[in-house]
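These notes concern the structure reproduced below.
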Amino acid sequence: MSNYFRITGYVKEKDVCFIMDSNGYFEKLWQFSSYLVQKNIQILEVSNDTKFQDVNIDKVDYDQKHLFLRATTKGKPEYINHTIDGEIFKAVKVGNIIYIHEK
């Protein structure tokens with residue numbers, strides 16, 4: 001089982017959102033989510049790499065020591081429609097980074 005996880009979060013006090021990846025830092029997705037909730041971060045989307053699809057972002061290499069902040073922007077993320085091979089998917093957009101949170 002993969003332990004590559006992606007979370008989109010929102011920090012209300014700062015009015016910023018982000019996309020963060022973990023590939024090896026946590027064993028389970030709930031551990032990653034719990035870590036961010038402890039930091040008073042609102043979790044908006046959670047996925048492992050069997051569920052999300054990258055649009056204009058590449059996955060990070062396996063790393064047990066680091067979390068990877070992939071994108072940030074002021075305000076909440078945008079939810080847009082993204083078409084792949086004629087099929088429309090709901091995608092998450094933070095800044096100029098887009099991914100489909102559930103393929």
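If you're wondering where the values come from, they're calculated on a predicted model, not measured in any experiment.
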Worksheet item: Stepwise, does the side chain to side chain contact (heavy atoms under 4.5 Å, CB included) test hold for Ile43 with Leu36?
Response: CA-CA 8 Å; Ile43 306 298; Leu36 294 176; 3.7 Å; yes
Item to complete: Test Asp21 against Lys59 for side chain to side chain contact (heavy atoms under 4.5 Å, CB included), laying out the working first.
Response: CA-CA 8 Å; Asp21 287 0; Lys59 292 182 181 153; 5.7 Å; no
Practice prompt. Output, in order, the C-alpha distance, side-chain angles, deciding distance and verdict of ring pair (Phe, Tyr, Trp, His ring centres under 6.0 Å) for Phe26 and Tyr35.
Written response: CA-CA 10 Å; Phe26 295 103; Tyr35 174 79; 5.7 Å; yes
Practice prompt. Go through the steps to decide whether Asp15 and Tyr10 satisfy the test side chain to side chain donor-acceptor pair (under 3.5 Å), and finish with yes or no.
Written response: CA-CA 7 Å; Asp15 190 30; Tyr10 177 69; 2.6 Å; yes
Item to complete: Under the side chain to side chain contact (heavy atoms under 4.5 Å, CB included) rule, what do Val46 and Trp30 come out as? Steps first, then yes or no, please.
Response: CA-CA 9 Å; Val46 295; Trp30 69 263; over 6 Å; no
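The hydrophobic cluster of Tyr62 has no other members, since no ILVMFWY side-chain heavy atom comes under 4.5 Å of it.
Atom CZ of Phe32 is separated from atom CE of Met20 by 6.0 Å, given to the nearest 0.5 angstrom. Taken to the nearest 0.5 Å, the CG atom of Asn3 stands 7.0 Å off from the OG atom of Ser22. Atom OG of Ser47 is separated from atom CG of Leu29 by 8.0 Å, given to the nearest 0.5 angstrom. For the atom pair Asn40 CG and Lys14 NZ, the distance stands at 11.5 Å (nearest 0.5 Å). If you take CD on Glu102 and CD on Gln53, they are separated by 12.0 Å, rounding to the nearest 0.5 Å.
At least one donor-acceptor pair under 3.5 Å links the side chain of Gln31 to the backbone N or O of Lys28.
Using a 3.5 Å distance cut-off with no hydrogens or angles, the side chains of Asn48 and Tyr4 do not pair a donor with an acceptor.
Asn23 has its side chain out of reach of Asp61: every pair of non-hydrogen atoms, C-beta onward, lies at least 4.5 Å apart. Between Arg6 and Ile57, the closest side-chain pair of non-hydrogen atoms falls below 4.5 Å. For the pair Val60/His66, no side-chain contact is recorded, criterion being any heavy-atom separation below 4.5 Å from C-beta on. The shortest distance between side-chain heavy atoms of Leu44 and Gln42 falls below 4.5 Å. For the pair Val11/Ile41, a side-chain contact is recorded, criterion being any heavy-atom separation below 4.5 Å from C-beta on. Looking at heavy atoms from C-beta onward, Thr73 lies out of side-chain contact with Phe18 at the 4.5 angstrom threshold.
With hydrophobic clusters built from ILVMFWY side chains whose heavy atoms lie under 4.5 angstrom apart, Ile19 shares a cluster with Phe52.
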If you look only at distance, which donor and acceptor atoms sit under 3.5 Å apart when one is on a side chain in residues 85-99 and the other is two or more places apart or in another chain?
unit_1 : atom_1 : unit_2 : atom_2 : d
Tyr99  : OH     : Thr8   : OG1    : 2.5

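A salt bridge does not link Arg70 with Asp54: every distance from a Lys NZ or Arg NE/NH1/NH2 to an Asp or Glu carboxylate oxygen is 4.0 Å or more.
Closest approach of Pro77 to Cys17, counting heavy atoms only: N-SG, 3.4 Å.
Below 30°, between 30° and 60°, or above 60°: for Tyr79 and His101 the angle between ring planes is above 60°, a perpendicular geometry.
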